[in-house]
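If you're wondering where the values come from, they're calculated on a predicted model, not measured in any experiment. Residue numbering restarts at 1 for every chain, and letters A, B, ... go by the order of the sequence lines. Keep in mind that the numbers below use all heavy atoms, side chains included, and drop hydrogens, waters and symmetry copies.
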Amino acid sequence: MFKSILYFWLTLALLFLQIFILDEISIALWLRPMIFPLIILLLPIEWRTIWVILATLLLGIVMDTALGGAGLYTSTLLPLAVLRRWILFLTTRRSVEAGDQTSLLSRMPMRQVILYVGAMFLLYNTMFFMLESLSMIGAMQLIATIICSTALSIVLAWPIVRLFLKRIVR
Amino acid sequence: MYRLLEFIKRIYVLVIFLILESMALLNYATSTPYTEAKILARTTAAGAAISGAISDVGHFFSLPAQNRELTARIAELSAVLGDVEQEVSVTVDSVDHHFKYHAARVVSMTTNRPQNHIVLDRGSLDGISKDMGVVTPNNELVGYVLSCTEHYSIVQSMLNTQFNTGGCLVDNGNVCVIGWDGSSRYQVQAKDLSVYSEPQRGMAVEVRSERLPEGVLIGTIDEFKLNNTQTAYSATITIAAKMAMLDNVLIVENTRASELDELHKQVEGKK
């Protein structure tokens with residue numbers, strides 16, 4: 001069962017973590033962890049895409065306003081809302097069936113959820129850092145930024161996903 | 001109307017996503033001069049690439065028309081070249097040029113029969129008449145016009161067992177008779193080549209005919225041998241023209257052909 005109130009608190013916590021901590025600390029130029037896409041990724045897969053798109057739009061506007069993204073966050077988050085079912089199927093071969101009684105994420109083992117989250121993080125970071133730099137000058141640094149930031153984001157997301165699977169979705 | 005509503009219902013998520021994504025990208029693109037310049041450059045480059053690709057496709061489909069135009073241009077230039085050579089060599093009577101070129105396109109053809117013919121899209125209304133020579137744009141012999149209607153001509157191809165024309169070795173001018181024995185679509189045969197002609201493999205053979213100007217290539221000698229009576233050579237010639245791939249050709253008109261015909265008739269009449 002999906003606990004919406006707990007999920008709301010998790011959303012606020014993730015936003016706080018991203019805006020006030022992860023975005024403020026400067027580890028290295030090529031290491032910029034971003035865990036807030038989890039808010040979209042962990043929304044019930046059964047939700048209709050239009051609602052996910054609207055939720056993503058809201059999150060994008062919040063991030064753009066808070067971090068001065070001027071549309072960068074919104075434009076890179078929106079494709080996640082549309083592609084998440086496909087990426088989930090591609091990475092775990094799982095999809096929403098008509099007669100499902102429980103949430104799909106709740107039936108997936110931790111390893112599969114992390115695989116799905118990792119693929120989505122990689123997609124998001126690729127779009128974000130490419131759109132941010134708008135240039136292939138320093139392509140190696142760009143690739144390093146994408147890979148390292150994705151890896152660190154997955155490490156940071158691991159306990160949050162565990163918590164989500166234990167407390168919110170089951 | 002119902003179908004339209006059904007269609008909108010089916011794609012509305014995609015449409016909303018595209019609208020929101022475009023708005024977000026537009027907002028980001030116009031947020032700073034840097035992003036504006038960068039995205040403008042990228043979209044211009046993408047637009048140019050798409051436009052270039054479309055242009056390439058259009059160019060590809062216009063190639064046949066361009067090919068026809070080029071063949072027509074070759075015909076014009078060949079005529080002009082003849083006139084120029086005539087002017088340059090006014091003192092040399094034998095270099096007199098009196099040939100006119102007509103561009104034509106192959107409508108249909110055969111290469112797998114004993115009597116092969118080629119149909120061209122030019123006829124008597126275009127000034128084509130029987131016995132005119134037909135060459136490729138590279139000046140290689142194809143055959144002679146056998147018959148024509150108002151809009152079409154039938155050419156007797158070199159690959160026809162009834163075909164014969166005069167030929168000569170380019171290196172020493174020895175003449176021969178060219179014909180086809182029907183054995184290979186890539187080779188014709190030369191016979192009655194003088195025993196003193198010293199033929200060699202790879203030697204070029206060109207047409208010697210009043211219907212075509214000098215320099216029209218038939219092919220190159222592939223093999224040769226003395227005939228049984230040891231009085232003449234016969235040779236196999238690899239055809240220069242790609243007979244199975246003909247598309248655009250030139251019909252060569254001898255503007256003094258009627259004069260020659262008259263002369264032949266007079267000689268035959270005396271006999």
- Quick one: which residues of residues 74-90 of chain A reach chain B at under 4.5 angstrom, heavy atoms only? A/Thr74, A/Ser75, A/Leu78, A/Pro79, A/Val82
- Query: Would you find more than 12 non-hydrogen atoms of other residues, nucleotides or ligands less than 6.0 Å from B/Met203 atom CE?
  - Reply: yes
- Message: Does A/Ile5, at its CD1 atom, have more than 12 non-hydrogen atoms belonging to other residues, nucleotides or ligands within less than 6.0 Å?
- Response: no
- For the atom pair CD1 (A/Ile53) and CG (B/Leu20), what is the distance rounded to the nearest 0.5 Å? 7.0 Å
- May I ask you to check whether over 12 heavy atoms, not counting those of B/Phe163, lie within 6.0 Å of atom CZ? yes
- Item | Heavy-atom neighbours of B/Met23 CE exceed 12 at 6.0 Å | no
- Task: Output the residues of residues 111-124 of chain A for which the shortest heavy-atom distance to chain B is under 4.5 Å, in residue-number order; output 'none' if no such residue exists.
- Result: none
- Query: Can you name the nearest heavy-atom pair linking B/Tyr28 to A/Leu131, along with the distance?
  - Reply: OH-O, 2.9 Å
- Message: How about OH on A/Tyr7, more than 12 heavy atoms from neighbouring residues, nucleotides or ligands closer than 6.0 Å, or not?
- Response: yes
- Message: For B/Ile16, which atoms come within 4.5 Å of any heavy atom of chain A: side chain, backbone, both, or neither?
- Response: side chain
